[in-house]
Student: 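Quick one: this structure, given as structure tokens, is what I'll be asking you about.
In what follows, every chain begins at residue 1, and chains take the letters A, B, ... in the order their sequences are listed. As a basis for the values below, the full set of heavy atoms in this structure was taken, side chains included, without hydrogen atoms, waters or symmetry mates. Keep in mind that what you see is a predicted model, and the values were worked out from it rather than measured.
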Protein chains: 2
Amino acid sequence: MTTLAGRASSPTLDEVAELAGVSRATVSRVVNGSPKVRPEARRAVEAAVAELRYVPNRMARSLVTRRTDTIALVLSESDTQVFSDPFFARVVRELSAALADTEMNLVLLAARGEREQEKVGRYVRQGHVDGVILMSLHSQDTLPRILAEAQVPLVLSGRPLDGHPVCYVDADNAGGARAATAHLLVAGRRRVATVTGPRDMIGGIDRYAGYRTALRDAGVAEDPALVAEGDFTEAGGAAAMTALLERAPDLDAVFVASDPMEVGALRVLRASGRSVPGDVAVVGFDDAPVAATSDPPLTTVAQPLGEMTSLMTELLLRQVEGDDEVRVRVCPTRLVVRESA
Amino acid sequence: MTTLAGRASSPTLDEVAELAGVSRATVSRVVNGSPKVRPEARRAVEAAVAELRYVPNRMARSLVTRRTDTIALVLSESDTQVFSDPFFARVVRELSAALADTEMNLVLLAARGEREQEKVGRYVRQGHVDGVILMSLHSQDTLPRILAEAQVPLVLSGRPLDGHPVCYVDADNAGGARAATAHLLVAGRRRVATVTGPRDMIGGIDRYAGYRTALRDAGVAEDPALVAEGDFTEAGGAAAMTALLERAPDLDAVFVASDPMEVGALRVLRASGRSVPGDVAVVGFDDAPVAATSDPPLTTVAQPLGEMTSLMTELLLRQVEGDDEVRVRVCPTRLVVRESA
DNA sequence: ATGAAAGCGCTAACAC
DNA sequence: GTGTTAGCGCTTTCAT
């Protein structure tokens, strides 16, 4: 009992060493799993550790190892609520899964607005984390630059808009959009519209580019009346679809550049009396399996989110281990045909 | 240029001291804003800090101060996606707002499943944070106990189900539900149904209790056919509403225990051909301002989320400063009448 | 007002 | 295999 008496502050390595009758170094070896320790001594140390409920002081350890064993997922946005986005929820889940077997910890940092972004930058520069995975959503974001200058291992989720030479993992958004659009054209659709994402997000840009490529490939001229910009939200998708129906009532297909927007677009489409996919064929970009709940299941472009997140952690951990190389990965997307359009 | 030559590792206090021509101690004083330093020396130090881009090493500082200046918001859940919940998004926003003027940092820790919960427990015990705000959603959660035993400053969001003597901030869920139900009864509604939350969440329990209290106050017997359990999601609300309409087609009012559920319930209600609030009056519990987007605006019970989060940080920071007292706050909820039911 | 010096708790050579 | 020792970068008495 006396050993736990002064429980004001937690026990140190020395106290464990004394109780176990060995030196600090040996305790350290046991705690860090070094094999060069006699089983006998090891047991004594383990007993002492258990009795004192010893937990190593991270600050002391990090001060010498220069490692914190934690990485940050930072979410940079101007004002919108990333958190409500099921896509983001999935990324978090996949990331913690990827780190589950590691002894790496994952912390989330939210940076809305300039002040918070600077706070996050400071946090990172002070050495709280070994590396960061950055989800920066809009082009005018300053955080990518701040973090790049902080000299901290960094992996971007999504290709940076400014073409900065930085490590990133992206989905083949253009390829997926192209495949989706081509699928509609091949099925005989002649008036293929699109609900795009915002022009300042890489996903919106690339998916629109893919749509255009498919049209060009098929020798179809682009009709501005068939293009409406959305904002990746359900409401935005509904608004864009409404605009499309007004401008081009004869459209017979639509490629919707995101999941939530697809839900909104479908609602408007059905409310207008059109049947799906009878009158209008729809292909959506499946960020997260939201569409799976829509009825009936539609053809979608699937993102390999699991693969992407494990690649991001791999690339990041490599940098943490000292790899200087700037690596880039673009994961293939694939068209999942769920009905005959 | 030579001063930035070896930019491999960041500059230390000594380097700044040498460049400024003062001692480490003085640099430390300047960096920490001590007033006991000659303006002249201060300027020299500031110049050196700027030139070297000096940033204090947090680990070294924390090792001696025993403070990290960061608190964690930990989200404990078994499997559901808290992240998709707009309520949670609002809490995060309010919390960072409350800490914006502080030099406290906020990190989010997601703990899904037992393994991650233990990882979070370890993270906290190792001294990475000065305190934690815990959003534990289900009753069988082990994290509250783990953290309580970790001796770390702790504030729960929501009253703990097991009545453990711990600091927490809660909304007056029972009072709000009671007011909502009473409002419906006073308006002359005779068949007041309810869509409850889960039985293992404090919010679900307390709001159901409030509903029952209101019935008892009015001398109305509770009818099991008028009670359906939801899961706080939109889909769950829709399912519960469907069940209610089947079991009690004559219901003329319903108290819905959460925002997303209200959206689902309204959809079902309207699809059934009933007018709202003509045929069926609806009052929902407004966790986040989702209902504001529903049409028409309905009467709701509003939670003072801003007040709650600032109370949580206040209570937590007090503990960090050494306050032992176990304090508890229950914030009043208020009925916002938006239409004549 | 400033500097010298003593640690904070830990890891990592280095000797034995 | 184990102990001794020297720091990691910082704050904080204590003299001056």
Student: Please determine whether a side-chain nitrogen or oxygen atom of Ser62(B) lies at a distance below 4.0 Å from atom OP1 or OP2 of dC10(D).
Tutor: no
Student: If you fit an axis to the five pairs at each end of the helix from dA1(C)-dT16(D) to dC16(C)-dG1(D), how big is the angle between those two axes, to 10 degrees?
Tutor: 30°
Student: What side-chain donor-acceptor pairs closer than 3.5 Å can you find for residues 31-41 of chain A, not counting sequence neighbours?
Tutor:
{"unit_1": "Asn32(A)", "atom_1": "ND2", "unit_2": "Ser28(A)", "atom_2": "O", "d": "2.9"}
{"unit_1": "Asn32(A)", "atom_1": "ND2", "unit_2": "Ser28(A)", "atom_2": "OG", "d": "3.3"}
{"unit_1": "Ser34(A)", "atom_1": "OG", "unit_2": "Lys36(A)", "atom_2": "N", "d": "3.2"}

Student: Which letters describe nucleotides 8-16 of chain C, given B = protein heavy atom under 4.0 Å from base, S = only from sugar-phosphate, - = neither?
Tutor: BBBBBB---
Student: Filter on salt bridge (charged side-chain N to carboxylate O under 4.0 Å, His left out), then keep only pairs touching residues 17-26 of chain A, sequence neighbours left out; what's left?
Tutor: Asp14(A)-Arg24(A)
Student: For a quick test of your reading: what N or O donor-acceptor pairs under 3.5 Å do the side chains of residues 125-132 of chain A make, sequence neighbours left out?
Tutor:
{"unit_1": "Asp130(A)", "atom_1": "OD1", "unit_2": "Thr68(A)", "atom_2": "N", "d": "2.8"}
{"unit_1": "Asp130(A)", "atom_1": "OD1", "unit_2": "Thr68(A)", "atom_2": "OG1", "d": "3.1"}
{"unit_1": "Asp130(A)", "atom_1": "OD2", "unit_2": "Arg67(A)", "atom_2": "NH1", "d": "3.4"}
{"unit_1": "Asp130(A)", "atom_1": "OD2", "unit_2": "Thr68(A)", "atom_2": "N", "d": "3.2"}
{"unit_1": "Asp130(A)", "atom_1": "OD2", "unit_2": "Asp69(A)", "atom_2": "N", "d": "2.7"}

Student: Which pairs with one or both residues in residues 94-109 of chain B pass salt bridge (charged side-chain N to carboxylate O under 4.0 Å, His left out), sequence neighbours excluded?
Tutor: Arg115(A)-Asp101(B), Arg90(B)-Glu94(B)
Student: Pairs in or reaching into residues 32-52 of chain B: which pass ring pair (Phe, Tyr, Trp, His ring centres under 6.0 Å), with residues at least two apart or in two chains?
Tutor: none
Student: Please list, chain by chain and in numerical order, all residues satisfying side chain to side chain donor-acceptor pair (under 3.5 Å) with Ser139(A), sequence neighbours excluded.
Tutor: none
Student: Check whether Glu116(B) reaches the backbone of Arg112(B) with its side chain - one donor and one acceptor, N or O, closer than 3.5 Å.
Tutor: yes
Student: Just jot down the side chain to side chain donor-acceptor pair (under 3.5 Å) partners of Arg29(A), sequence neighbours excluded, or say none.
Tutor: none
Student: Applying side chain to side chain donor-acceptor pair (under 3.5 Å), name anything that partners Asp162(A), two or more places apart in sequence or on another chain.
Tutor: none
Student: For residues 134-156 of chain A, which residue pairs qualify under salt bridge (charged side-chain N to carboxylate O under 4.0 Å, His left out), counting only residues two or more places apart or in two chains?
Tutor: none
Student: Short of 4.0 Å, heavy atom to strand atom, which residues of residues 35-49 of chain B count as contacting DNA chain C?
Tutor: Lys36(B), Val37(B), Arg38(B), Ala41(B)
